[in-house]
Amino acid sequence: LLSIPEDRLYQSLLIQIPTLTTLAWEYEGPIDFDILSNARNTLIIAILWAHESKIRDLYKNLCNQLPIAESISSFEIGTRAYIMSILDILSFSDARDSMISLAEEQYRRSKTMTLRLASLSLLDRFSDWLRHPFIQEFIDMYQENPLVIMKYFSLVWNSKHDSVIQNISL
């Protein structure tokens with residue numbers, strides 16, 4: 001997929017796993033979200049089992065191609081979308097410590113809200129912290145931007161941590 005660097009957005013779409021909404025739309029018969037969720041998760045885990053090291057290499061390669069400063073060119077937007085698609089797959093990894101390191105490194109290197117939020121999502125999934133220090137840093141950085149804070153709340157609302165209520169307070 002890296003052989004066509006001009007169209008990162010298309011590449012990101014090629015590797016996206018269908019959402020539960022998409023699966024439900026295509027499903028014939030009564031919709032059981034547990035069955036659809038299990039099928040989606042099984043697919044992602046099978047892909048990771050067969051290709052996790054290649055997916056991680058692709059992730060690292062894409063991260064190295066991002067500019068140091070935030071840019072809104074179609075190439076950078078496509079690259080960020082591609083990274084987000086890869087992170088969605090990697091979020092099912094069993095390599096907990098490695099994923100925490102990857103998420104923390106991405107948060108530190110990221111220049112965009114989107115990639116920082118993706119890092120926080122991974123940290124929420126893999127970290128045992130009740131409230132990772134990057135969460136407060138993110139809130140402080142974007143507290144004047146209601147749209148970003150709503151995206152942050154979306155992450156918190158979907159959290160599986162017992163401390164969700166504590167993390168909602170700003």
Side-chain angles (χ1 to χ4, degrees), residues 8-9 12-13 15-22 33-34 37-38 40-41 43-45 47-48 52-53 55-73 75-170:
R8 293 281 191 243
L9 195 53
S12 77
L13 293 173
I15 67 163
Q16 283 182 5
I17 306 300
T19 64
L20 287 178
T21 304
T22 302
F33 281 101
D34 288 334
S37 180
N38 289 340
R40 183 179 190 273
N41 294 349
L43 173 62
I44 294 170
I45 291 166
I47 291 168
L48 274 177
E52 186 166 358
S53 65
I55 293 170
R56 284 177 184 268
D57 290 344
L58 178 58
Y59 166 81
K60 289 175 188 172
N61 188 313
L62 289 168
C63 286
N64 289 333
Q65 294 178 28
L66 281 173
I68 294 173
E70 186 173 345
S71 177
I72 57 170
S73 76
F75 180 79
E76 282 84 11
I77 291 170
T79 301
R80 286 192 292 270
Y82 202 177
I83 288 170
M84 296 292 292
S85 296
I86 291 171
L87 288 175
D88 185 42
I89 295 169
L90 286 175
S91 71
F92 285 81
S93 174
D94 287 334
R96 181 184 167 276
D97 293 338
S98 175
M99 291 305 300
I100 290 172
S101 295
L102 182 144
E104 288 176 338
E105 179 183 347
Q106 176 172 308
Y107 186 89
R108 285 187 205 100
R109 291 181 59 185
S110 294
K111 303 297 180 203
T112 65
M113 173 276 304
T114 303
L115 290 177
R116 285 186 177 125
L117 201 53
S119 301
L120 293 180
S121 181
L122 286 176
L123 288 171
D124 178 70
R125 183 175 181 117
F126 289 100
S127 176
D128 290 333
W129 289 73
L130 289 179
R131 184 178 172 109
H132 194 283
F134 289 161
I135 291 174
Q136 189 60 50
E137 182 180 315
F138 184 85
I139 291 168
D140 292 344
M141 187 180 308
Y142 295 105
Q143 65 185 341
E144 301 300 321
N145 188 329
L147 178 61
V148 175
I149 295 302
M150 288 306 293
K151 289 181 179 194
Y152 162 75
F153 280 144
S154 177
L155 179 147
V156 173
W157 290 325
N158 290 308
S159 175
K160 295 186 181 2
H161 275 273
D162 295 335
S163 63
V164 169
I165 300 300
Q166 295 167 352
N167 285 337
I168 290 177
S169 64
L170 294 174

Taking the inter-plane angle between the rings of Tyr152 and Phe138 on a 0 to 90° scale, is it parallel (under 30°), tilted (30 to 60°) or perpendicular (over 60°)?
-> tilted
Check step by step if side-chain contact (heavy atoms from CB on, under 4.5 Å) holds for Gln106 and Leu87.
-> CA-CA 11 Å; Gln106 176 172 308; Leu87 288 175; 3.3 Å; yes
All salt bridge (Lys or Arg N to Asp or Glu O under 4.0 Å) counterparts of Arg116, not counting sequence neighbours | none
For the pair Asn61 (side chain) and Asp57 (backbone), establish whether a donor and an acceptor sit closer than 3.5 Å, ignoring hydrogens and angles.
-> no
List for me each residue that meets side-chain contact (heavy atoms from CB on, under 4.5 Å) alongside Asn41, sequence neighbours excluded, and say none if there are none.
-> Ser37, Phe92
Got a second to check how far [X]'s [atom1] is from [Y]'s [atom2], nearest 0.5 Å?
X: Leu58; Y: Ile83; atom1: CG; atom2: CD1; result: 9.0 Å
X: Leu102; Y: Ser119; atom1: CG; atom2: OG; result: 8.0 Å
X: Ile15; Y: Ile47; atom1: CD1; atom2: CD1; result: 9.0 Å
X: Ile139; Y: Phe134; atom1: CD1; atom2: CZ; result: 14.0 Å
X: Glu105; Y: Ser110; atom1: CD; atom2: OG; result: 9.5 Å
X: Leu120; Y: Leu115; atom1: CG; atom2: CG; result: 11.0 Å

Criterion side-chain contact (heavy atoms from CB on, under 4.5 Å) on Glu52 and Leu90, from CA distance to verdict = CA-CA 8 Å; Glu52 186 166 358; Leu90 286 175; 4.3 Å; yes
Ser98 and Ser101: side-chain donor and acceptor closer than 3.5 Å?
-> no
Can you name the nearest heavy-atom pair linking [X] to [Y], along with the distance?
X: Leu48; Y: Ser93; answer: CD1-N, 3.4 Å
X: Gln143; Y: Ile149; answer: CA-CD1, 3.9 Å
X: Phe126; Y: Ser91; answer: CZ-O, 3.2 Å

Salt bridge (Lys or Arg N to Asp or Glu O under 4.0 Å): pairs with one or both residues in residues 86-96, sequence neighbours excluded = Arg40-Asp88, Arg96-Asp128
Go through the steps to decide whether Ser12 and Met84 satisfy the test side-chain contact (heavy atoms from CB on, under 4.5 Å), and finish with yes or no.
-> CA-CA 8 Å; Ser12 77; Met84 296 292 292; over 6 Å; no
Would Tyr142 and Leu147 count as a side-chain contact (heavy atoms from CB on, under 4.5 Å) if you check the C-alpha gap in whole Å, the side-chain angles of each, and the deciding distance to 0.1 Å?
-> CA-CA 9 Å; Tyr142 295 105; Leu147 178 61; over 6 Å; no
